[in-house]
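Read the numbers this way: they start at 1 and go in the same order the structure lists the ligands and their atoms.
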Amino acid sequence: MRLKYFITMLIIAQAMYAQDIRQEYTINSGWKFKKGDVSMNDPKFNEPGWEMVNIPHCWNATDVYDEADGFYQGIVWYNKTLSLPKNIKDKKVYLQFEAVHQEAEVYLNGEMLGKHKGGYTAFTFDISSKLIHENDGNNHNEIALKADNRVNENINPLSGDWTFFGGIYRDVRIIITNPVHFNMLNNGSRGIFISIPTADATKASIKVTGALMNESQSAANLKIITRILDKDFKIVLESSQPYKLEAGKSGEFTQNNIVLKEPKLWTPETPYLYTVVSEIVDATSGLVLDKLTNSLGVRWSRFDADRGFFLNDKPLKLIGVCKHQDYPNMGNAVPDNLQQQDVQMIKDMGGNFLRLSHYPHDFSVLEACDRLGILVSIEIPLNNQITESEEFYNSCKNMMTEMIRQYYNHPSIILWSYMNEVMLRRPFAGKIATEYSERELQYFANMAKLAKDLNDIAKKEDPYRSTMLPMHGNFELYQKAGLTKIPDVVGWNLYKGWYSGEFNQLDEFISNFHKEVPNKAIIISEYGTGSDTRLRSVKPQRFDFSVEWTNAYHEYYLNYIKKTPYIAGSSVWVFADFSSEGRIDANPHINNKGIVTQFRQPKDVFYLYKANLSKEPFIKIAPVMNDNRYWLADSANAAICTQRIWVYTNLEKVELIVNRKPHDKISTTNGIAYFDVPFVNGVNVIEAWSAKEGQLYKEIQQVSFNIIPRNLKSSNTFSDILINCGSNCSFTDNSGQIWMADIAYKSSGFGYTGGSPYTTWMGVRLGSDKDILGSEDDPLFQTQRVDPVSYKFDVPNGIYEVTLCIAELQSNKERRQVIYNLGAGKDDETKPANRIFSIAINGQVLADSLDAAIDYGAERAITITVPITVYDDKGIDVSFINKQGSAIINGIKVHKTN
Ligand code: GCB
Ligand code: CA
């Protein structure tokens with residue numbers, strides 16, 4: 001007995017000498033990949049057809065943006081030769097995947113290791129017994145993985161407004177431990193859970209729980225040691241517990257005698273992190289057998305239905321954003337540094353809250369939140385609806401357990417969330433939305449049961465954090481199903497003033513909810529509007545995707561949120577524009593509600609938030625990304641064009657200097673100061689100055705302005721006129737040309753006579769949500785003027801080119817419904833127009849009996865360019881002649897060639 005023990009120790013000692021306790025490293029390089037299925041009996045890994053890839057990898061990085069409907073959703077295979085260190089026969093070896101979307105079946109040397117369902121959580125296999133060890137001690141083993149990203153009715157999510165990208169898109173790693181080790185097979189978690197059952201400013205009691213295993217041949221006499229290190233990695237506390245474990249057995253442990261005096265508290269301003277080092281030590285030899293480190297932030301939090309959120313007993317308004325994880329050209333295979341850069345940007349903006357939607361994100365995101373002091377809500381991808389099957393319920397519950405265990409030790413997390421807008425799709429809805437059939441009531445009951453189960457899991461796993469259920473703006477439905485009662489916090493996703501209604505319906509909705517359900521804390525878990533930085537408007541309106549409508553919306557919402565004490569927090573939908581393959585907005589396949597673009601360039605509203613939230617003195621001239629402008633002179637004789645600019649700042653007063661002359665000095669309100677600026681033709685230099693405590697802050701923006709004269713004939717400065725027909729927005733196209741908002745004809749100038757803009761959604765929306773084929777300039781073609789008499793241009797004599805842009809928007813082409821667009825599809829946009837018309841320029845018919853839908857195909861961009869010589873001071877007259885139905889025109893350009 002003694003001898004055996006001695007020998008075991010010797011083996012361990014040697015092993016420890018050879019390598020440091022636990023080895024952990026990624027195996028991301030050099031994988032093979034192939035679309036389609038293979039047979040594990042004869043997988044032909046070495047035959048042609050396999051592509052070499054690295055992890056993170058996503059097989060839909062580009063096909064989600066093309067003009068064809070859909071993207072590759074199906075089976076794929078990965079394969080890799082795994083070279084492990086020599087002589088590890090006596091070790092335990094684990095293979096860990098941080099995420100595979102969404103079903104994975106993993107093999108080692110042809111034998112199945114197991115399956116995993118769900119695309120956003122980690123999973124680990126013990127591969128020790130299946131490894132092949134060669135005689136020389138080398139290890140060459142083969143991993144094969146089958147993945148499938150098709151929607152599966154028994155796995156959540158069933159549907160959603162984001163792309164279900166396939167891939168092994170987060171790190172894959174090998175972990176090698178000694179036979180005595182912390183539990184490696186607890187739902188992909190670290191196996192150790194750190195919590196703070198009680199804390200105040202004078203002391204915090206820390207609890208560490210976990211499990212360990214003795215997979216050696218003999219009983220082990222151990223110590224479990226927990227050390228707490230301060231931020232300089234000095235030990236401030238140590239706790240040790242003797243532990244005996246029989247061979248082949250596993251056991252749990254709890255250490256709750258750890259009391260930290262005068263703890264440094266973790267807050268958004270001072271995100272102080274301690275480090276917890278957990279060790280399993282051989283009691284006899286003193287050798288460390290296993291070791292894990294985790295971060296610890298000492299903080300406690302609660303929600304109050306009337307007074308909002310409290311961190312460490314102090315009120316704190318949570319203000320921040322939601323975020324998806326994709327990046328252009330990468331899909332979901334986004335490197336850690338880019339993910340962390342997002343969190344840094346949110347911090348720089350002054351945000352203190354991040355709702356990780358609609359699924360758990362990469363661990364590196366949480367590390368950044370811990371380090372930077374951003375509070376987090378994290379959720380499982382259960383979205384829109386449920387399947388009433390045990391298998392589905394179990395998939396939800398497993399994901400909830402996996403999520404909580406895997407992310408447990410991140411101090412930044414304050415909310416475990418589940419079920420986003422789960423009443424949005426109502427599979428058993430009757431014709432009248434407010435009437436509920438027996439079947440639907442049954443569905444609601446099943447839904448409530450699942451919500452209750454998920455909430456119970458969260459409470460059982462982690463009694464120290466709160467829960468949230470984010471709902472869409474239909475109070476009655478969630479109330480009816482009993483969902484508003486279940487979580488600690490009700491999240492409201494509200495789009496008043498975007499999908500429906502007016503901005504101020506927000507107040508009505510929230511105050512009504514607070515009255516009806518007075519004991520529930522509220523977070524506005526989503527709010528936002530689409531904006532395409534190519535679209536600008538001086539007459540913004542709902543659903544025009546202009547930057548200006550979005551600015552007005554956020555100004556309203558932010559003010560309301562700030563002043564309403566019972567709103568605990570809010571998260572903008574959404575941090576960055578993101579891929580949603582099935583969505584058709586101004587930029588098809590992209591949801592553009594981001595406050596930064598897909599490439600993370602800030603839009604105006606990013607600075608609105610910064611001006612309101614950040615404490616660092618800051619000043620920014622806006623609109624941003626709009627330094628080329630083009631509009632009419634103020635009057636027939638004027639050489640200037642007056643347009644509004646504004647300054648976002650957290651400083652009190654701003655002085656504006658325009659082209660080196662003082663222009664105006666005004667006080668800021670809610671972070672903004674507005675100025676009307678007289679732009680001159682050519683380059684304009686705008687400076688904004690402010691001062692605080694003797695320090696000067698300034699910003700400079702250059703705007704190059706192209707002023708179009710009101711009287712074209714007397715001018716020799718213009719060369720091009722471009723009009724975005726049927727739209728109030730100016731649009732910058734793919735080649736950088738600016739198409740100005742539609743304009744009525746005035747004598748000696750230019751513009752339309754007759755007709756009206758094409759509207760949908762019963763007149764609410766200008767233009768329509770069609771993916772225009774054959775063009776990147778969708779917004780130009782998504783809006784049009786219907787039944788115009790003519791467009792006239794009173795240009796001087798000369799040689800010109802006229803370009804006509806046309807697309808038939810009305811067709812019965814099969815389309816996928818974007819369910820979020822609640823007003824869509826209700827009018828004649830789905831009926832073919834069957835129109836035939838001719839266009840004449842200065843009396844000469846050039847497009848005779850054009851039937852755009854038949855000649856070119858509906859929803860396809862058509863451009864026709866015609867040369868024309870203007871003499872006799874006739875100008876240009878483009879007239880439309882209806883043959884059947886009404887003529888249309890989507891854009892028109894006049895270019896002077898000499
Ligand atoms: C929502 C959903 C989110 C969508 C968003 C939108 O309510 O929760 O997934 O992307 O609205 O943009 O419509
Ligand atoms: Ca247009």
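- Looking at His472 against ligand 1, nothing comes within 4.0 Å, counting heavy atoms.
- His472 and Tyr478 have their aromatic ring centers within a separation under 6.0 angstrom.
- Side chain to side chain, Ser579 and Thr163 meet the donor-acceptor criterion of an N or O pair below 3.5 Å.
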Derivation and outcome, side-chain contact (heavy atoms from CB on, under 4.5 Å), residues His101 and Phe164: CA-CA 8 Å; His101 203 282; Phe164 300 160; 3.7 Å; yes
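- Ligand 1 has an N or O atom lying under 3.5 Å from an N or O atom of Trp573, backbone or side chain.
- Backbone or side-chain N, O or S atoms of Asn724 reach the Ca ion (ligand 2) at under 3.0 Å.
- In this structure, the side chains of Ser537 and Trp549 stay at 4.5 Å or more apart for every pair of heavy atoms.
- Of the heavy atoms in Asn383, none comes closer than 4.0 Å to ligand 1.
- The atoms of ligand 1 that sit less than 4.0 Å from any heavy atom of Asn591 are 6 (C), 10 (O), 12 (O).
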Apply side-chain contact (heavy atoms from CB on, under 4.5 Å) to the pair Ile380 and Thr121, showing each step before the final yes or no. CA-CA 9 Å; Ile380 57 167; Thr121 44; over 6 Å; no
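- Of all the atoms in ligand 1, the ones that sit under 4.0 Å from a non-hydrogen atom of Tyr499 are 6 (C), 12 (O), 13 (O).
- At a cut-off of 3.0 Å, Cys725 coordinates the Ca ion (ligand 2) through an N, O or S atom.
- Under a 4.0 Å heavy-atom criterion, Glu526 is in contact with ligand 1.
- Taking 3.0 Å as the threshold, Asn890 counts as a candidate ligand of the Ca ion (ligand 2), since one of its N, O or S atoms lies below it.
- Residue Arg583 approaches ligand 1 through these ligand atoms, each under 4.0 Å from one of its heavy atoms: 6 (C), 12 (O), 13 (O).
- Trp573 and His358 have parallel rings, their planes meeting at less than 30° on a 0 to 90° scale where 60° marks the start of perpendicular.
- Salt bridge absent: Lys593 and Glu526 never bring a charged side-chain N and a carboxylate O closer than 4.0 Å.
- Distance check for Gln784 against the Ca ion (ligand 2): none of its N/O/S atoms falls below 3.0 Å.
- The Ca ion (ligand 2) has an N, O or S atom of Leu780 inside 3.0 Å of it.
- A donor and an acceptor atom, one from each side chain of Tyr791 and Asp877, are nowhere located under 3.5 Å apart.
- Not a single N or O atom of Trp162, backbone or side chain, sits closer than 3.5 Å to an N or O atom of ligand 1.
- Below 4.0 Å from some heavy atom of Phe578 lie the following atoms of ligand 1, by number and element: 10 (O).
- Of the candidates Asn728, Thr760, Asp544, Asn728 is the only one forming a side-chain contact (heavy atoms from CB on, under 4.5 Å) with Leu766.
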